[in-house]
Every structure is written in C-alpha cells, then in structure tokens.
Protein chains: 2
Amino acid sequence: MAEDRRQPLVVFQPSGQRGRFPVGTPLLAAARQLGVDIDSVCGGRAICGRCQVEIACGQFAKHGIDSRMEHVSAPSAAEERYAERRGLPPGRRLSCQARILGDVVIDVPPESQVHRQVVRKQADARPIAIDPVLRLYYVEVEKPDMHRQRGDFERLGEALESQWGLSRPAIDLAPLRRLQPALRAGDSTLTVAVHDGRQIIALRPGFHDRALGVAVDVGSTTIAAHLCDLGTGEVLASAGRMNPQIRFGEDLMSRVSYAMLHPGGAAEMTRAVREAVDAMLDELAAEAAVDPDDILELVFVGNPVMHHLLLGLDPVPLGSAPFPLAVDSALELEARELGLARVAEGARVYVLPCIAGHVGADCAAVVLSEAPHLSDEVTLLVDVGTNAEIVLGNRHRLLACSSPTGPAFEGAQISCGQRAAPGAIERVRIDRTTLEPRFRIIGCELWSDQPGFAEAADRLGVTGICGSGIVEAIAEMYLSGILDADGTIRGECAARSDRIVAEGRTFAYVLHRGEREIRITQNDVRAIQLAKAALYAGARLLMDRLGIERVERIALAGAFGSHIDPLYAMVLGMIPDCPLERVRAAGNAAGTGARIALLNRAARREIEEVVERIEKIETAIEPRFQEHFVAAMAIPHRHAPYPNLALRVPLPERRAAADSGVRERRRRRHGS
Amino acid sequence: MAEDRRQPLVVFQPSGQRGRFPVGTPLLAAARQLGVDIDSVCGGRAICGRCQVEIACGQFAKHGIDSRMEHVSAPSAAEERYAERRGLPPGRRLSCQARILGDVVIDVPPESQVHRQVVRKQADARPIAIDPVLRLYYVEVEKPDMHRQRGDFERLGEALESQWGLSRPAIDLAPLRRLQPALRAGDSTLTVAVHDGRQIIALRPGFHDRALGVAVDVGSTTIAAHLCDLGTGEVLASAGRMNPQIRFGEDLMSRVSYAMLHPGGAAEMTRAVREAVDAMLDELAAEAAVDPDDILELVFVGNPVMHHLLLGLDPVPLGSAPFPLAVDSALELEARELGLARVAEGARVYVLPCIAGHVGADCAAVVLSEAPHLSDEVTLLVDVGTNAEIVLGNRHRLLACSSPTGPAFEGAQISCGQRAAPGAIERVRIDRTTLEPRFRIIGCELWSDQPGFAEAADRLGVTGICGSGIVEAIAEMYLSGILDADGTIRGECAARSDRIVAEGRTFAYVLHRGEREIRITQNDVRAIQLAKAALYAGARLLMDRLGIERVERIALAGAFGSHIDPLYAMVLGMIPDCPLERVRAAGNAAGTGARIALLNRAARREIEEVVERIEKIETAIEPRFQEHFVAAMAIPHRHAPYPNLALRVPLPERRAAADSGVRERRRRRHGS
C-alpha cells in the first residue's frame, strides 16, 4: 500500500511501529492496524481503561516528527467520565478515544500491553508474558427484533465477530442459561469469558473486568495454591495446607499400597485431595475478597501418584514395573469433573503433562519455570521428594529419570528426624577441634551458641532434625573427621569428645542434649547415604547418556531443595560437581511453572512439546545405575575418573568465592 | 501411477472401482486403496465380520477378466474360526482375510458398506445413509514397556493412528479412568467409541460391536423415542409417553404462563421432562434387552418451548414479542448436562437447530425428513399443534412461519373434544339427505352403522371427538348444507332432522346420543374456523412472499397431520389448493428427522445450513396475515382471486382420482 504522505504519521514506542492514518483515526484503531500490542477489554468504549497511552511531545528527528499534545484530539466526554470515575494519571490518554490530528509519537506503557510481562522476584528467573488462554470480551448485543429473528446466542456471536473479530465461539450450557437474564440486566451489554478463543464458559451483565485463575501444586505432603488475576498476573492470595492423604500413608508408595490393599482406597484419597483443594479455593477467595464465580481457570501440577489420585485414576499400576501412567499428555478438563465447586460453574482445568512413570507434572512445571530447553548451558534440575525427579540437558537435548531416594531427606527413617517445621534443627556446624556442635532451629535466626537462643528454644522446643539439618550434620561430621569416607562413625573420636557415644556395636553423635536428646546414629548416616547415592547415581546416569562430565548449572527445586545449602549437598556428594555459584535453590519452581501455564497459553504448548521430546530413562533397568549407586555410597563418592573438584578448595574460601561470584554476576547484569 | 499389468486386476461391484494389486494383497486393503466403501470395526482381524464380500465367478468381458474362486486365497485359520463361531453364508468371504491371487471381480453386498442405506417404510421418503457421528474402533494396544515410557492413553492413541489413521483423538475423563482396567481385562485389546473422529467417549475391553443411539421427539403432549443400532440403523425399540409437563399446563402457552407465574416453575418442568426421558431410556434398553452403557448418542427435537424447557432455558421470553429464542443454533452437549443417567456416562447429545421463535427443532427435523430443500417442487410442510409450524419452498428458497392455531385441532376448546385416544370419534360422515351421521371411533375399525359396532362402543365407550373427527364433522356439516359458508349452523335444518337442536340463540348438531351425548356446537365451529383460518393464513402469507398461487406438494406432519383426511382439510379450507394425490400425511416426520440426524453426521451440517438460510416470517407483524386470516374464516375460504379448484370436482370422483394418481406414481416408480 502506497503511503499517503498527506496523512499524519504516527509512531508507537517502544516498538517503533509506524504508519500514516487519516485524520480522526482513534489511536487504538491505528495501533490495531499496525499490530501494536495495546490491551482493551471494553472494545474501545472508554470503560476498561486498559488502553492508556502517553503522547510524547517534542522533536523526533529520527522520524521527522514534531510531536505535540494538540496533534491528538481533546478528551472526549466518555474519556472525561472515565477520568472522573476511575482516575487517569497526568499525561495519560485512552487510546480508544484520542484521535489523530497530526504527526505524533505515542508511548505505550508496559501495563497497557496485552502481552505485558510479570517480573518475577528471582532475578535470574524468566519473566512471564501475560497471555492467558481465557480472555474477557465486553460486547454490546443487538436487541431482539421480530423482523430479524435470531436467538440471543446468535446475536451475541454476531457481536463478538463484528466487535472483536472472534469467529463464533460455542457456549457451555450454564452461561447459555444465564444469557437471557444477563442481557436484560446489562441492557443488552455483557462481558463474556472465552476459553481458547473457542468456547464461552461464563458471562456477566454489563462491563466486568475480572477473571481469576488458580495454580495448584499438589505435593505428597503439602498442597500449595496461588490465586492470580488473569489480567495482570498479580498473585492475589496464596494458600498452603497439608495433603489430607497423609492419613492414608506418609509417602507415595504407602499411598499406592493403601490403594492396593483397601478396596475403594484410591477413591477415598481422590475425595480427600479434591475436598482439600475445594476448601483452599474457598480460603483463597475469602482472603482476596473476590467472588468465586470469577475463578475461571485452574492449573494443576503434581507427581504421578498425586496426578493420578487427583484425576481419579488408579495409582496402583504406578507401584510396580513397568510403572505405566494411565496418561502422560496434558489434559484439559472442566473443574466440575474434578468435583470442584468453589469456582465458576464452567471453570476449566489444565493439567500439565507428566514426563514418565515417576517423573510427574510437577517436574514438567519445574522445567517450564527453569527453562533448560531454552538455554545452551547444560542444566541439572533436581526435585527431591520421596523420589528425586531429575532432568538434565539444554536446548539441544533433554533427559529425565527418577531415582528412589526414599523419604530420608524429608526427615523420615531418621531416628530424630522430622518434617521442616518450627523447632526442627535446620543448620549444623561442628567445631573441627572440639567436635562441639552449634545449630539453628526453624523459627529462630540465632545459632544455638548465641545469647537469647535458649529462650527461643524454650518457646519453640528443639523438636527434631529436618532434612537440611541432617545433611549438614552428616557433612560436618565428615569434615570434622567424626565420619570416615565410608560413612562409619569413628568410635576413636569418643576419646576426644563425649558427643560421640557408643550404641551397641556402632556409635552415634549427640547433637543436642535437652528435653529431647537429638543424636545422629549410624543408621541415620546409612539412610542418608542410601538417599544421596540414589540421587547422585540418577544424575550421573543422565550425564553418561548425555556424554558429559560436568554440568554447567544446577537448580534444586522443592521445599528440600530450597532449604538445603548447596555447599553441603556437594560435600556430601548428593549432586555432581558444578561451580558453586551456578547451584541455586529454585524455590517452589513447580508452583511457578503452574503459574506460568496459568498466565500464558503458549507456555502450555511449549511444555507439551518439550515433554514430548524429553528422553525418558528408567533407572530400574539401567545396569549402570547400580554401579553408580554403589560408588556413590561413599562420602562424597567414588567416581574416580571425575575427581570431586569442589572439595579441593577448603570450605571457607570456597564459600567466599561463591559469594563473590554471585556479586560479580549481579554487577555485570546491572552495570553498563 | 503407471499400471503394472503383471499384477492381478481387481474390480469391485457395484461401484465398478478397479485397480491392480500385488499378489497377496488382502481384498480389504485393495478396497481401501481404491476408496471402495467396505465396513470394518475390528480393523482386519477376522473378528467383526463386517467386511464380507462375494467372489463373482465367470468371464467378465467388459473388464477382460476371467474371475475364479481360486484367484483368491483359501480361508485363513482366523476366517475359519470366525465362520465356526458366527457363521458365514455360502459364497461369502471376509475381505480382510482373502488375498488376491489373480484377476477377480468382487461383489460388495449392501450390508458390508459403511454408508449403507436404511430403506424407510414410506415409499417416497428419502433413504438414510448410515454414517453416524459416533464410530467404534477395535484396537490392539502395545503393552507398557520400561524402555519406552508412554502412558496407556498415548499408546492407545498410537494404535488408533497406526491401525485406523485417526489422528490422536482426545479422551473424556470417564473412559480415561477405565482405560487401564480395560486394557488388563482385554489383554491389551479394546474397542473405543470415538465421537466425531475427535473424542473418545467410551471404551470396552476386547472386541465390542455395539453402539446405540436414541432419537427423541419431545412434543407438548407426547414424548416419542426410538432406540437405534448406530451400526445398522435398525430401530431396536420405540417408546412413547405423555409429556408429564401436562400437569403444569395443557398447551405451550399455559406452560409458559406457569413458568411466568411460579418461581421455579420452569425448573420444575425441566426436571419433569428430563425424568420422563430418563425413564424412557430405561424402558427402551429393557425392551431391546441391551446394556444402557451402549447408548452413546442422543438426538433431541422439539418445539421452541419444549426445546427450552428440556435444556433448562427460560421459556418466558418465548411468550411475548419479540419472542426471542435463547439460542437457535444446533447444540452439542453431554447427556449428563441434561441430567440423563440411563445412558453411557460420556453419551453425547445433539439438539437440532430451531428455525424461529415459534418454529422449532421439531420443524427442522420435519424439513430434514421431507427434504423440500432438495426438490424442485414447491412443498408446503405443515406441522399442526397448538401452533402450526409452516415451511414453504423448494431447493431455491425456503420460508417459515408459525401460526397461532390454538389447541382446537387437538380437541381442546371443543365442547365434546378430547385427545386422540380410544373411544374418540375420528371419522364422520353425514347423509346428505337424511342428515343422519355415521362415525368411527379410535380403537374400532367399524363404522357406527355396521353390525358389531355397538359391542365395541360398549367396550371402549364413545368418549368424545378428537381433532380429525371434528374437522370431518364440520366439513360434512358444510357439505350436507347444515353449515353455511360463514360457519353458521342453519336453524332451518332443524325442520329436516332432530339432529339439529337449538342452544339458546344458536344451534348444535347432535352427532351421538348415548351415555354421553356428543354434539357439535356453534362455538365448536367457531373455534375450528379460527384455527383453520390461522393455519391457512400462515400458508397463504408464505405463498405471497414466494410469489406463487399454487403449491405442488403438501406434507402434513405430526399426530394430527397423520390422522386428518387431506380431503377434508381441503374441504374446510385449512390448507391451500393442491392436487389431492400430492397431499400426504408425513407421519412422525419430526421423529424421522431426529433419527436421520442420529444416523448420519452429514445430515446435521445439512439441516444447520438449511435452517440458516430459511427466511423467517413473523406473522404477528405482517399486516397481510390479518387480511388472509379474516378471508380464511369462511368455509372453505374467500380468497377470490384463487378459486378453490379442489372443490370443483365432486368428492367421490376426486377421491378416485387421488387414488389412481397414487397408483400411477407407484407404477412409474416400479416399472421400467
């Protein structure tokens, strides 16, 4: 199309998209024609205020433009009404109302972009572009007319087509039943919630600018849920609670056993988890003071057993070889199919794909959040639970396996073990000379040898030792010579300290003497050795397959991964060698991945495709897994050809190096 | 592709499709390659027996083939097992087993064709091609394998793709939950029911060759349902019962009033009709001795108020101008959304489109069955109920309207009126000289003046007069001079017969003296005049719009349309003039249309497109409707420019002419 140079030139910043338009063209219409990303829910009626822009004033030599405020029409009556009612920051205009009178440069602020990004707190996490599968559309529907008999739904379809370019979405029965009263209440205007551009799943009379979603991570121990605004990406409320299935079995395999041994047991567990989720939905809506009917979209992640139990699929086959999943693809469902009632009647559910029999949708969510498939760096993702779910690779190739760590890292099978809860020992240091320990407990910032700790301990109690505490304790025992490389507590140390005590033919280390004595027994050390050997062997197996000796980045996901100090994980030989500053706790990466899938429709196709091409390795049938496992029982491990470089530098220096590495990286990012 | 003349030539009859194939090619595979229509459910495993063919033996000069039995391989072991278990008629082979050894001509019997046609009983009705939206597929699924971790569902998808060329359908949660046990029970074989090639809605272990559907016509008075085999099209059972909504109001408008005046009234009526349908589903399954879990597809038709009440949509707007439907498009739903439980859990529902505010999905079904849109002849379709639904036109243009006939034709508002039920007078003749009547009652083949009638009357009672009876009575009263053209019962006739009696200032005709006296009062005549004038005026209005003076064919649908004698309808001036032999009772055309939509997926798109282009006329805002209505009050009517040609021939001759016309048509069809 030849440019008509008599028409005003409009340039949109920051994209730089430009074009000439007839005088009188609304800025929003110009933006749409150029494909500039400006949001609008009300369709240009000065109601939603999503389409705000700023008029840049001044000379723009690059474009040959003298951009002036008066090159845009004065605020319309509708715009003034909007400004009065909802406020409009100085310099801001509604682009649906402001019309082009002369050459202008327009700044589109980030919050006016449809695909605006939500900045994630972690500096190195990928940002989330807001583009949910569910969108709201405000429409004005033609009134019924005897001369042109068309149903209410068909006139709505025409309005969506002419006002939004949507090609006749279908409609659920529930909103269809509400259509006629809504048209009456809204005087023939309404807001419809359209899923995937294809299906109307809810509607409200008049203008209604609120669509909510919930991302749920169903863990074996805890269920975490985040209520998000699908328009802004904002987390409005979060909730967490114990998975009530715990009463049927502490860990995954005991729940599978429960299902196997009790007829109807699986159904019982399904009911329990669904009821818990439903109650959490209630809680979230109450906390954020929102209408549950605005919750239109849910995303679920969970390990395979949780995934199956949530969906009402029999988990028993997951308990024995060949561990077949009933389904590994992503699923789209309706909330009511899961018996969830505290959401809009037509709310939809997306369940992320599972990767393999023991590598679940939670791990897929970690992949989505950590995005190894977008990086050149070879990344190792580890999500430690009863099974460690392990993913290794980069943009070229990804591998996954699970490794039977057992529940030791969660404090189970440990004599004084407990879950990470107030009062649990989480940090441990042992004096290399005196062999005296100091420690910290969850709920108190002080070390046990600092003033004031005793009061805190009185209040909280020193109730046990959690996963991260046991890892540090054993690593410190090794570093201070109490433990040899085979994992034997050395009885001869009893001569140096009364902390080392005999227990039958073996010895134990007394970490705390109090109302409850906390000790690390030989059996505890063996349990952790088994667990860490399994984890290491799994990672090692994937490295073999990928043909690499070193990984470039490690992310430790999950609660345990967040608590554990990467340094001690490496001392113990839980994870392969890697520069310490490239090991990070990914926090609740599964929850974050669920939130990404909630807020961005493309992320769903992305993770489905990535999961499809991940190579699934079953450790149970890999002869090398056993070899690696045996070699990894030692502390740190006995993978001779690959010396554990991390240990060559004494600990304090390495810590300092790690810290300076982080500082260096930060400086580089924020500098020039 | 160049023909390799060294390969055997295979010709399939009756289509004549031909091709050369390597020796050893199974006949079914050859047929598939040529696009020859041969059915198979088991996918070529000699299980289903659907793919039977016959080997034609002899010289086929046209093809240059000497076709011999031995040009096809001997029966395989699998084929012999099939023949033993289920029998194979002489000369028949399973085309999946029989392999090509030399030139052959193959006859494909009609029952082996996927798109075989069901012959409808009425000679001039269009045949139904069996091609339901739901199909069964038998598959052998790869067993789970630790070396290749794929979920059960994904392996099923691979099997459907490789064995049937279906591109990965999605699956409902219910069959997904049954997948694993079904694979176990069927030793990794199963039969899946796929809806529209896209969604697995049910599955069974092993081979299962039964998919059923139900076509339901929800009338204001009665509900009729037919259970069909989706594979063969056969009607396995039929059921009919009163619509229980009758307790909320006899006719449509009284039900709308009930909904208007009673909060929750619409919901009550919705519940009532759904429960009735559910009970009928039970009844159908029991009668046909089938498993309700095999009922996978349902089709519903009904007038707009029945349509809305079934779906749970508020019918109140249909009660006042502009009479907007909540939806007029066809709908696809799940049976459970309608609360129907006596079918497979994932059973789907298709609801035909409505045409306009008073022209419902039942009328769309009549259109589908009578197919005016496929004909050059200008056809008038009339479905008489409380409203007459009228469609006029041909392949080039179709118009529709409804006309407020009121319930007189159903025997309501008539002093001695009743529904068509045993004991009701349905046929009436009046002697032109003596003015003495004779009549027949429903449930007895004898006329009232024949020997034996008295006994039958004693048994059944002469309980009242139904719609067809009242129409004949009034027409006969007119023909015998008791009634003048204005519809006034002539008092002077009282002098000739004591059947004419005074009733205040007007007169009545005593049709039957017995335990209950049955008379036709002046008010009865007025009620029928109003009804028939409305019907005629509606048809006339459409004729005006179409610019025609004569229709070429008339089909009277519905129960009343089936009972009424077209001759009397014309005498009375209910319907426009048309050669008598071109007027026919279409029987339960709505039910037939529903059955067509059940058995043929293309018919659904067809009726949706036809309904889209039907021009909807609202009689209430057409000034000419009033004119026509007033003119049509007379008997037959006063449309002066269009003389009522039908009446020019005395009745007995016309009847004979009509009969010979029918014979003539039959002869032409079956003759050379």
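In the text below, chain A, chain B and the rest are named by the order of the sequence lines, each starting its count at 1.
- Contact between B:Val218 and B:Val273 at its shortest, heavy atoms only, is CG1-CG2, 3.8 Å.
- Using a 4.5 Å cut-off between heavy atoms, B:Leu183 does not touch chain A at all.
- Taking every heavy atom of both residues into account, B:Pro304 and B:Cys354 meet most closely at CA-SG, 4.4 Å.
- B:Asp196 and B:Arg601 make their closest contact through OD1-NH2, 2.6 Å (heavy atoms, listed as atom of the first residue, atom of the second, distance).
- For A:Ile617, the part lying near chain B is the backbone, with the side chain staying farther off; criterion is any non-hydrogen pair under 4.5 Å.
- For A:Glu268, the CD atom sits in a packed shell: over 12 heavy atoms of surrounding residues, nucleotides or ligands are nearer than 6.0 Å.
- Only the side chain of A:Leu333 comes within contact range of chain B, with heavy atoms under 4.5 Å apart.
- B:His147 touches chain A through backbone and side chain together, each having a heavy atom under 4.5 Å away.
- Residue contact with chain B, scored on non-hydrogen atoms closer than 4.5 Å, is absent for A:Arg148.
- For the side-chain hydrogen bond (donor to acceptor under 3.5 Å, both in side chains) with B:Gln149, the qualifying choice from A:Glu618, A:His358, A:Lys616 is A:Glu618, the only one to do so.
- Interface residue B:Leu176: backbone and side-chain heavy atoms are both found under 4.5 Å from chain A.
- Note on B:Pro324, B:Ala620, B:Gly312: by heavy-atom pairs under 4.5 Å with chain A, the leading option is B:Gly312.
- The candidate with the highest count of non-hydrogen atom pairs below 4.5 Å against chain A, out of B:Leu156, B:Leu311, B:Asp314, B:Leu179, is B:Leu311.
- Between B:Leu318 and B:Arg255 the shortest side-chain heavy-atom distance does not fall below 4.5 Å.
- Within the 4.5 Å cutoff, the side chain of A:Val139 has heavy atoms near those of the A:Leu190 side chain.
- Of the residues considered (B:Glu622, B:Met146, B:Arg336, B:Glu154), B:Glu154 shows the highest number of contacts with chain A, using heavy-atom pairs under 4.5 Å.
- With a 4.5 angstrom heavy-atom cutoff, B:Glu337 touches chain A via backbone and side-chain atoms both.
- With a 4.5 Å cut-off on non-hydrogen atoms, B:Arg150 touches chain A through its backbone and its side chain both.
- At a cut-off of 3.5 Å, with distance as the only test, no side-chain donor of A:Ser329 or A:Glu608 sits close to an acceptor on the other residue.
- Contacts with chain B were tallied for A:Leu313, A:Val327, A:Leu331, A:Val316; A:Val327 has the most, counting heavy-atom pairs under 4.5 Å.
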